[in-house]
S.K.: 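My structure is below; once you've seen it, I'll send some questions.
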Amino acid sequence: MAMGDPGGTPTRGRRAAPRSKKRAAGDPNLVQLLTPEGERIDSVIGPDGIEYRVDFTDEEYRGLYRDLVLVRKLDAEATALQRQGELGIWASLLGQEAAQVGSGRALRTQDMAFPTYREHGVLYCRGIDPIMPLGLFRGVDQGGWDPNEFKFNMYTIVIGAQTLHATGYAMGITMDGKTGTEDGEAVIAYFGDGATSQGDVNEAFVWAGVFNAPMVFFCQNNQYAISEPLERQTRIPLYQRAAGFGFPGIRVDGNDVLATYAVTRTALDNARHGQGPSLIEAYTYRMGAHTTSDDPTRYRIASEVEAWQAKDPIARVRAFLEKQQIADAAFFTEVDEQARRESVHLRERVLAMPNPEPVTMFDHVYPNGSPLLDEQRAQFSRYMESFEGSAH
């Protein structure tokens with residue numbers, strides 16, 4: 001883990017030397033603290049007038065790099081498992097590791113997250129066993145983690161639906177008096193650029209804005225809604241849409257784990273103190289397919305992918321660690337070996353998952369069962385038993 005606790009509270013220790021305080025060259029509306037070349041920017045003033053910075057120890061910088069590498073390796077293993085017929089489908093996060101690890105580590109312990117089906121990095125940061133989503137995509141269970149224990153809701157397949165769930169939850173914690181203090185609760189909802197065209201997302205914006213909900217809407221703009229490019233979704237930058245709903249929006253370099261952390265932590269803290277919702281557009285890129293059922297070569301060109309490869313979120317953190325002599329070759333080797341071991345272990349556990357009995361689909365429909373469900377279970381059991389000893 002990168003920080004001293006699951007919420008990302010910085011710990012004490014030797015800190016990296018201050019870097020340049022100049023803004024990075026490029027889009028003036030894009031908050032960036034670590035350039036693609038690995039140059040550290042001490043602080044920036046965002047277009048919203050807020051100063052963004054991080055204050056990490058060397059150990060925490062190394063921890064962020066470890067998170068990024070492990071998350072990518074586990075994700076790659078899941079993709080390989082699907083290609084080999086061991087998973088039904090998989091939605092890879094390749095290229096979006098910084099957006100997920102940065103925002104995931106910015107969450108405090110009490111904060112609640114509502115993911116889509118791609119937030120494997122945030123799931124990892126919340127301390128959930130990475131085997132959990134693989135059970136879902138293997139078809140042997142429904143995911144299985146306790147959202148209340150980990151403050152991380154179940155994966156949502158319906159595009160944009162989780163933003164309404166998150167907004168309702170956020171309105172509820174306000175009614176419960178859980179906001180307005182430093183230890184107050186905030187809520188974050190993840191979605192992609194394509195989801196901004198969904199009615200559910202826009203309705204969530206309306207309700208969150210009107211009721212001043214302690215919400216952070218976190219849009220991972222990976223440039224494509226399956227095969228539809230961003231220009232088919234919007235005529236203005238996505239973060240600017242927030243103004244129409246009465247709350248602020250900010251665009252962050254989604255391949256910069258430091259800037260993503262700083263922007264998300266600020267937005268969450270504003271929310272928990274009663275300052276209402278905000279929209280973060282994490283400007284990033286999906287390096288792989290939308291899911292394993294997709295072929296991205298049919299709708300994008302190789303040169304575009306190559307241009308984004310030069311902005312790789314892991315490569316820039318490694319370059320920073322090397323330039324500042326925060327990590328040596330032995331550290332990088334050790335991280336790679338840990339990632340290899342954990343990915344092998346993940347594969348072994350997936351292959352060992354038992355196939356569930358069909359009748360178990362009735363087990364968790366209601367917490368205390370129901371007479372109608374019991375009748376349906378009995379009918380289904382008799383139906384399945386009718387095949388025993390037959391040629392079917």
S.K.: Any carboxylate oxygen within less than 4.0 angstrom of a Lys/Arg side-chain nitrogen, looking at Arg286 and Asp294?
M.R.: yes
S.K.: Could you tell me if the side chain of Arg318 sits less than 4.5 Å from the side chain of Phe320, heavy atoms only?
M.R.: no
S.K.: Taking the side chain from Thr196 and the backbone from Gly192, do they hold a donor-acceptor pair closer than 3.5 Å?
M.R.: no
S.K.: With the threshold set at 4.0 Å, does a side-chain nitrogen-carboxylate oxygen contact exist between Asp42 and Arg53?
M.R.: yes
S.K.: Evaluate Tyr124 against Leu70 for side-chain contact (heavy atoms from CB on, under 4.5 Å), listing each step before the verdict.
M.R.: CA-CA 9 Å; Tyr124 178 85; Leu70 290 176; 3.1 Å; yes
S.K.: State the CD-CE distance between Gln379 and Met384, to the nearest 0.5 angstrom.
M.R.: 14.5 Å
S.K.: Show your reasoning for whether side chain to side chain donor-acceptor pair (under 3.5 Å) applies to Asp200 and Thr163.
M.R.: CA-CA 7 Å; Asp200 282 3; Thr163 59; over 6 Å; no
S.K.: Give, for atom CG of Leu351 and atom CG of Leu81, the distance between the pair rounded to the nearest 0.5 Å.
M.R.: 6.0 Å
S.K.: Does the side chain of Pro115 come within less than 4.5 Å of Leu123's, by heavy atoms?
M.R.: no
S.K.: Under the side chain to side chain donor-acceptor pair (under 3.5 Å) criterion, do Thr116 and Glu119 qualify, and how do the steps go?
M.R.: CA-CA 6 Å; Thr116 67; Glu119 274 66 61; 2.5 Å; yes
S.K.: Does NZ or CZ of Arg241 fall inside the cone over Phe205's six-membered ring, less than 6.0 Å from its centre and within 45° of the axis?
M.R.: no
S.K.: Does a salt bridge link Arg62 with Asp328, judged by any charged N lying under 4.0 Å from a carboxylate O?
M.R.: no
S.K.: Can you check whether Glu185's main-chain N or O pairs, donor with acceptor, with Arg108's side chain at less than 3.5 Å?
M.R.: no
S.K.: For Arg72 and Asp312, run salt bridge (charged side-chain N to carboxylate O under 4.0 Å, His left out): C-alpha distance rounded to whole Å, both residues' side-chain angles, the deciding distance at 0.1 Å, then the answer.
M.R.: CA-CA 12 Å; Arg72 175 173 291 186; Asp312 183 84; 2.8 Å; yes
S.K.: Could you go through Glu203 and Val206, starting from their C-alpha distance and side-chain angles, then the distance that decides it, and tell me whether this counts as side-chain contact (heavy atoms from CB on, under 4.5 Å)?
M.R.: CA-CA 5 Å; Glu203 290 169 9; Val206 171; 5.5 Å; no
S.K.: Would you say the side-chain atoms of Gln233 pair up with the backbone N or O of Ala225, donor to acceptor, closer than 3.5 Å?
M.R.: no
S.K.: Does Pro248 reach the side chain of Asp48, with side-chain heavy atoms less than 4.5 Å apart?
M.R.: no
S.K.: Could you state the interatomic distance from OG1 (Thr167) to CD (Gln162), rounded to the nearest 0.5 Å?
M.R.: 10.0 Å
S.K.: In the structure I gave you, are the side-chain heavy atoms of Leu30 and Val252 within less than 4.5 Å of one another anywhere?
M.R.: no
S.K.: Does any part of the side chain of Ile50, heavy atoms only, come nearer than 4.5 Å to the side chain of Ile45, both counted from C-beta?
M.R.: no
S.K.: Please test Glu342 against Gln338 for side chain to side chain donor-acceptor pair (under 3.5 Å), starting from the C-alpha separation and ending with a verdict.
M.R.: CA-CA 6 Å; Glu342 293 197 15; Gln338 180 185 352; 2.9 Å; yes
S.K.: Do the side chain of Glu281 and the main chain of Tyr239 share a donor and acceptor less than 3.5 angstrom apart?
M.R.: yes
S.K.: Counting only N and O atoms by type, is there a donor-acceptor contact under 3.5 Å from the side chain of Thr264 to the main-chain atoms of Tyr261?
M.R.: no
S.K.: Measure the shortest side-chain to side-chain distance between Gln84 and Arg347 over non-hydrogen atoms and say whether it is less than 4.5 angstrom.
M.R.: yes
S.K.: If only atom types and distance count, is the side chain of Thr234 paired as donor or acceptor with the main-chain N or O of Leu238 below 3.5 Å?
M.R.: no
S.K.: For the hydrophobic clusters of this structure (ILVMFWY residues joined by side-chain heavy atoms under 4.5 Å, transitively), does one cluster hold both Met154 and Met112?
M.R.: no
S.K.: Between Asp295 and Arg300, does any NZ, NE, NH1 or NH2 come within less than 4.0 Å of an OD or OE carboxylate oxygen?
M.R.: no
S.K.: Between Arg66 and Glu334, does at least one N-O distance fall below 4.0 Å, as a salt bridge requires?
M.R.: yes
S.K.: Give the C-alpha distance, both sets of side-chain angles, the deciding distance and a yes or no for salt bridge (charged side-chain N to carboxylate O under 4.0 Å, His left out) between Asp146 and Lys151.
M.R.: CA-CA 8 Å; Asp146 182 350; Lys151 305 295 287 186; over 6 Å; no
S.K.: Which value, rounded to the nearest 0.5 Å, describes the distance between Leu258 atom CG and Gln32 atom CD?
M.R.: 10.0 Å
S.K.: Hey, is Glu77 close enough to Lys73 for a salt bridge, meaning N to O under 4.0 Å?
M.R.: no
S.K.: To the nearest 0.5 Å, how far apart are NE2 in His364 and CE in Met361?
M.R.: 13.5 Å
S.K.: When you compare the side chain of Phe245 with that of Asn202, does any pair of heavy atoms fall below 4.5 Å?
M.R.: yes
S.K.: Could you tell me whether Arg340 and Glu337 have a side-chain N and a carboxylate O separated by less than 4.0 Å?
M.R.: yes
S.K.: Is it true that Asp183 and Arg272 make a salt bridge, defined as a side-chain N closer than 4.0 Å to a carboxylate O?
M.R.: no
S.K.: Can you give me the closest heavy-atom contact between Gly160 and Val201, atom names plus distance?
M.R.: CA-CG2, 3.8 Å
S.K.: For Glu60 and Thr57, indicate whether the former's side chain and the latter's backbone hold a donor-acceptor pair under 3.5 Å.
M.R.: yes
S.K.: Here's a test for you: under side-chain contact (heavy atoms from CB on, under 4.5 Å), which of Val54, Leu321, Val257 qualifies with Leu64?
M.R.: Val257
S.K.: Could you state whether Val216 and Tyr169 fall into the same hydrophobic cluster, counting links through intermediate Ile, Leu, Val, Met, Phe, Trp or Tyr residues with side-chain heavy atoms under 4.5 angstrom apart?
M.R.: no
S.K.: Among Gln220, Gln100, His290, which residue satisfies the side-chain hydrogen bond (donor to acceptor under 3.5 Å, both in side chains) criterion with Arg118?
M.R.: His290
S.K.: Quickly, which of Ile188, Val122, Asp111 forms a side-chain contact (heavy atoms from CB on, under 4.5 Å) with Phe152? Name it, please.
M.R.: Val122
S.K.: Does a sphere of radius 6.0 Å around CZ in Arg232 hold more than 12 heavy atoms from other residues, nucleotides or ligands, not counting ones at 6.0 Å or beyond?
M.R.: no
S.K.: Main chain of Asn222, side chain of Asp193: is a donor-acceptor contact present, judged purely on distance under 3.5 Å?
M.R.: yes
S.K.: Show the numbers, then the answer: is there a salt bridge (charged side-chain N to carboxylate O under 4.0 Å, His left out) between Arg377 and Asp363?
M.R.: CA-CA 9 Å; Arg377 182 200 301 268; Asp363 287 352; 3.0 Å; yes
S.K.: Do you know which of Trp145, Trp90, Tyr117, Tyr190 makes ring-ring contact (aromatic ring centres under 6.0 Å, His included) with Tyr155?
M.R.: Trp145
S.K.: Are more than 12 heavy atoms, taken from residues, nucleotides or ligands other than Tyr383, located less than 6.0 Å from that residue's OH atom?
M.R.: no
S.K.: Kindly say whether Ala170 contributes a backbone atom to a donor-acceptor pair with the side chain of Lys178 at under 3.5 angstrom?
M.R.: no
S.K.: Quick one: do the Tyr285 and Glu304 side chains pair a donor with an acceptor below 3.5 Å?
M.R.: yes
S.K.: Let me check something: do Phe211 and Leu279 share a hydrophobic cluster, defined by ILVMFWY side-chain heavy atoms less than 4.5 Å apart, either directly or through other members?
M.R.: yes
S.K.: Regarding Thr284 and Asn255, do their side chains bring together a donor and an acceptor under 3.5 Å, going by distance alone?
M.R.: yes
S.K.: From Thr179 OG1 over to Gln275 CD, what is the distance, rounded to the nearest 0.5 angstrom?
M.R.: 11.0 Å
S.K.: Taking the side chain from Asn212 and the backbone from Gly274, do they hold a donor-acceptor pair closer than 3.5 Å?
M.R.: yes
S.K.: State, yes or no, whether a side-chain contact exists between Pro356 and Asp141 at a heavy-atom distance under 4.5 Å.
M.R.: no
